[in-house]
Amino acid sequence: MPKVLSLFILLTSLLVGEAIAADLLVPESYKTIQEAIEAAGPGDTVLVNEGVYTENLSIRKPLKLKAVKGPELTVIRAAVKEEPAILVSGTEGVVISGFAAKGSLSSGITLKNVTNSEVSGNVADENVYGIALYDSSENSVTGNAADRNEYYGIYLEKSHHNTIEGNNANRNYDKGLFISYSNSNVIRENTANLNTWNGLTLWSSNDNVIVDNTTLRNMYGIVVSDSKDNEISGNTTLPNVFLILPVVLIYLGIVTYLIQKNVLKLAYGVR
Amino acid sequence: MQRILKMLGVFSTASIVLASFGLILATSSFISGLQLVKSASIVERKIHRFNGFTALTIYVILAILAFWYEGFGFLRLLGWVSGLCVFLLKILIVRSKKRRAFKYLSWLGGTLILVWLYMVYIHIPV
């Protein structure tokens, strides 16, 4: 009997849990995204339809913020330029997915003192920082594009045990990825090309795993400074094509010369 | 085989194809230029001129493409103009017919090869 009772209680709590989580639609039900965030309870999902939203979003509770049509059609442009376009602070279990966050003199997406959250499939470009994590742990930053930012594409400061995977941080005007005073993070399969300075920088950061990243045509590929016990392997900084192609082309140039010479000799009757 | 196919995949943009042609022609032109120092053969002169001017045309097209797609910028403009100056300086020295200046031509030819190597490097798609 107690087993049946406990099973009943478990099922009831699960059903109640399902019932509590609600979907809030923007702009159908709420004019602005921030209004929907304010109205949402923990565990709710705010679904944002296409449009350009000039707001500074602030999230301080566990919820999911998702763009229905993806970052091409759902743009958050910072209303107050000095603030991040999307700020998540002092909470856990937040999901930010499918947005374009632009036009901030701070950063596109900022996580401050946040744990167990997910930032995925976003585009954070044309800010000062693309995606920034401060004092945040055990978060997952995956499949984002943080390009053409004034300083860094993805920036970690005093943030530990995070997973940074499959992101693009290209053509930033300083560094692609900057890991600063952050330990035990996994930085995997990211692309940091064509940045003005370093592709990937580790600064006073220990025990990180830096594997299978690609950093091409930056001033410096991967820079490690004042850091120890990091695993750095399988990264591509100079692929074979950059060496083989010029050699092959010069060889073809010599062959071309010989062909041209013999053809013209025949044409002009020169021996 | 797969590796070769993967490497051929690098020719996915018009600009890398053009830059590659440029390096091939510049190499051929450079060799014929060195031969011209030894003897004034009409064959070498034809190869040198044709390849040289074709390479210059490709360079100008690449510059236009760069400005078209990437926009104007002071450093970009400076870089392309510097490369163009190497071309023009070489043509100027050749046309001047001053034997004293000719000894610098092989250096300029070498510089042009370096310019083309850089052209290939910056145009490999990443």
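Letters go in sequence order (proteins before strands), and every chain restarts at 1. What you see below is based on every heavy atom in this structure, not just the backbone, and it leaves out hydrogens, waters and symmetry mates.
In summary, the side chains of A:Asn183 and A:Asp207 do not present any donor paired with an acceptor at a separation below 3.5 Å, with no hydrogens or angles considered. Side chains of A:Ser120 and A:Glu118: a donor-acceptor N/O pair is present below 3.5 angstrom, by distance only. For A:Asn218 and A:Asn195, the side-chain atoms include at least one donor-acceptor pair closer than 3.5 Å.
The interface of residues 50-76 of chain B with chain A, defined by heavy-atom distances below 4.5 Å, comprises B:Phe50, B:Asn51, B:Glu70. The stretch residues 23-34 of chain B places B:Leu23, B:Ile24, B:Thr27, B:Ser28, B:Ile31, B:Ser32 near chain A, each with some heavy atom under 4.5 Å from a heavy atom of that chain.
Only the side chain of A:Tyr268 comes within contact range of chain B, with heavy atoms under 4.5 Å apart. Only the side chain of B:Leu117 comes within less than 4.5 Å of a heavy atom of chain A; its backbone N, CA, C and O stay farther away. Heavy atoms of B:Phe11 lying under 4.5 Å from chain A belong exclusively to its side chain. Using a 4.5 Å cut-off between heavy atoms, B:Val43 contacts chain A through both its backbone and its side chain.
Only one option out of A:Tyr173, A:Phe178, A:Trp203, A:Trp197 pairs with A:Tyr152 in a ring-ring contact (aromatic ring centres under 6.0 Å, His included); it is A:Phe178.
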Which atom pairs, one a donor and one an acceptor, fall under 3.5 Å between side chains of residues 244-256 of chain A and the rest of the protein, sequence neighbours left out?
{"unit_1": "A:Thr256", "atom_1": "OG1", "unit_2": "A:Leu252", "atom_2": "O", "d": "2.6"}

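Applying the side-chain hydrogen bond (donor to acceptor under 3.5 Å, both in side chains) test to A:Ser204 and every residue at least two apart in sequence or in another chain returns A:Asp226.
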Could you go through A:Glu165 and A:Arg188, starting from their C-alpha distance and side-chain angles, then the distance that decides it, and tell me whether this counts as salt bridge (Lys or Arg N to Asp or Glu O under 4.0 Å)? CA-CA 5 Å; A:Glu165 187 172 2; A:Arg188 189 192 295 138; 3.2 Å; yes
Show your reasoning for whether salt bridge (Lys or Arg N to Asp or Glu O under 4.0 Å) applies to B:Glu44 and A:Lys261. CA-CA 7 Å; B:Glu44 305 292 354; A:Lys261 188 175 180 178; 3.4 Å; yes
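Counting heavy atoms from C-beta outward, A:Leu194 and A:Leu216 have side chains that stay 4.5 Å or more apart. Counting heavy atoms from C-beta outward, A:Ile164 and A:Val186 have side chains that stay 4.5 Å or more apart.
Residues A:Asn213 and A:Glu189 come closest through the heavy atom pair OD1-N, 3.3 Å.
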